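Take a look at the structure below.
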Amino acid sequence: MKRLVLIFLLMASPLFAVQPDEVLEDPVLEQRARDLSTGLRCLVCRNESIDESNADLARDLRLLVRERLVAGDSDEEAVAFIVDRYGEYVLLKPTTSGSNVFLWLAGPIMLFIAAGVGWTFLRNRSKAHELGDNDALSDEEKEHLRQILED
């Protein structure tokens, strides 16, 4: 029973793609590298972090993060180095500055525009019902329509 629980726990836990030859000897630096790797996107797998991805590019990025940390970079400097090299898309949680502000605000703006269009449509529709049957055909138009349909 205990083995079965252990197997289920192992299956439910996230698997990391970090190879043994990538692991740093200093446990503090290794933990910093793992923390940074979970926030960086694999450019091949798209929605996986480089820590979870088995792609060659993800491995290269993991090694690059470790290389920068060993060189003495702070966490922010290491991430900035990778963002400068690969673009902001490499971040799993993009920043809310610069051109990204428009992307963050586009959803709520579109929601307000859609609500305004819907409200205007419903208001105009209710006004059309209030006007009544002003659009009804006159007797002359009805007779003309009947003649057209008979032909």
Side-chain angles (χ1 to χ4, degrees), residues 1-137 141 145 148:
M1 181 67 177
K2 289 182 182 180
R3 287 185 183 184
L4 186 60
V5 170
L6 181 62
I7 290 172
F8 283 124
L9 285 176
L10 287 175
M11 289 174 59
S13 66
L15 297 176
F16 299 108
V18 177
Q19 303 296 318
D21 61 332
E22 297 175 31
V23 177
L24 296 173
E25 291 180 14
D26 183 1
V28 174
L29 280 180
E30 179 60 28
Q31 186 58 46
R32 283 178 56 202
R34 288 282 176 101
D35 292 341
L36 292 178
S37 295
T38 57
L40 296 173
R41 178 188 321 269
C42 174
L43 299 173
V44 176
C45 305
R46 308 272 172 153
N47 285 329
E48 282 187 345
S49 70
I50 61 172
D51 205 36
E52 299 167 339
S53 175
N54 286 320
D56 290 337
L57 181 58
R59 176 181 165 78
D60 293 344
L61 287 173
R62 287 192 303 266
L63 291 172
L64 184 59
V65 166
R66 285 165 172 75
E67 178 183 309
R68 299 307 306 171
L69 293 178
V70 168
D73 285 359
S74 69
D75 293 354
E76 294 79 19
E77 290 172 335
V79 170
F81 181 82
I82 292 174
V83 169
D84 287 344
R85 187 175 262 190
Y86 293 96
E88 203 168 310
Y89 180 72
V90 77
L91 297 175
L92 278 173
K93 294 180 183 175
T95 61
T96 56
S97 63
S99 62
N100 286 343
V101 171
F102 176 72
L103 294 175
W104 282 97
L105 296 177
I109 288 171
M110 295 304 284
L111 178 66
F112 287 124
I113 290 172
V117 168
W119 181 75
T120 304
F121 173 76
L122 291 175
R123 187 178 55 146
N124 290 341
R125 186 174 169 196
S126 66
K127 283 184 181 179
H129 286 301
E130 291 173 4
L131 295 175
D133 290 336
N134 291 341
D135 295 334
L137 297 176
E141 292 170 330
L145 181 61
I148 291 173

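A quick note: this is a predicted structure, and the numbers were derived from the prediction, not measured. These numbers come from the heavy atoms of this one structure, side chains and all, not from hydrogens, waters or symmetry mates.
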>> Holding to side-chain contact (heavy atoms from CB on, under 4.5 Å), I want the full list of residues that pass it with A58, two or more places apart in sequence or in another chain.
In response: C42, I50, S53, A55, R62
>> Nearest 0.5 angstrom please: F112 CZ to W119 CH2, how far?
In response: 15.0 Å
> Between V70 and E67, is a side chain to side chain contact (heavy atoms under 4.5 Å, CB included) present by the stated rule, with each step listed?
Replying inline: CA-CA 5 Å; V70 168; E67 178 183 309; 5.9 Å; no
> Who pairs with D84 by side chain to side chain donor-acceptor pair (under 3.5 Å), at least two apart in sequence or on another chain?
Replying inline: none
>> Please enumerate all residues that pass side chain to side chain donor-acceptor pair (under 3.5 Å) together with D60, with sequence neighbours excluded.
In response: none
> Given side chains that start at C-beta, do those of V65 and F81 come closer than 4.5 Å, heavy atoms only?
Replying inline: no
> Out of curiosity, D51 CG to L36 CG, how far, rounded to the nearest 0.5 Å?
Replying inline: 10.0 Å
> With E76, which residues qualify under side-chain contact (heavy atoms from CB on, under 4.5 Å), at least two apart?
Replying inline: S74
> Within the side chain of R41, is there an N or O that forms a donor-acceptor pair under 3.5 Å with the backbone of L91?
Replying inline: yes
> Okay, side chain of R32, backbone of L69: is any donor-acceptor separation there less than 3.5 Å?
Replying inline: no
>> Let me confirm one number: the OG-CZ distance from S49 to R34, rounded to the nearest 0.5 Å.
In response: 10.0 Å
>> If you define the side chain from C-beta out and look only at heavy atoms, does anything of L43 sit under 4.5 Å from V90?
In response: yes
> By side-chain contact (heavy atoms from CB on, under 4.5 Å), which residues pair with L105, not counting sequence neighbours?
Replying inline: V101, I109
>> Contact between L64 and R85 at the side-chain level, heavy atoms closer than 4.5 Å - yes or no?
In response: yes
> Under the side-chain contact (heavy atoms from CB on, under 4.5 Å) test, which residues partner D26, sequence neighbours left out?
Replying inline: V28, L29
> CD1/I82 to CG/D73 distance, rounded to the nearest 0.5 angstrom?
Replying inline: 9.5 Å
> Can you tell me how far the NZ atom of K93 sits from the OG1 atom of T38, to the nearest 0.5 Å?
Replying inline: 8.5 Å
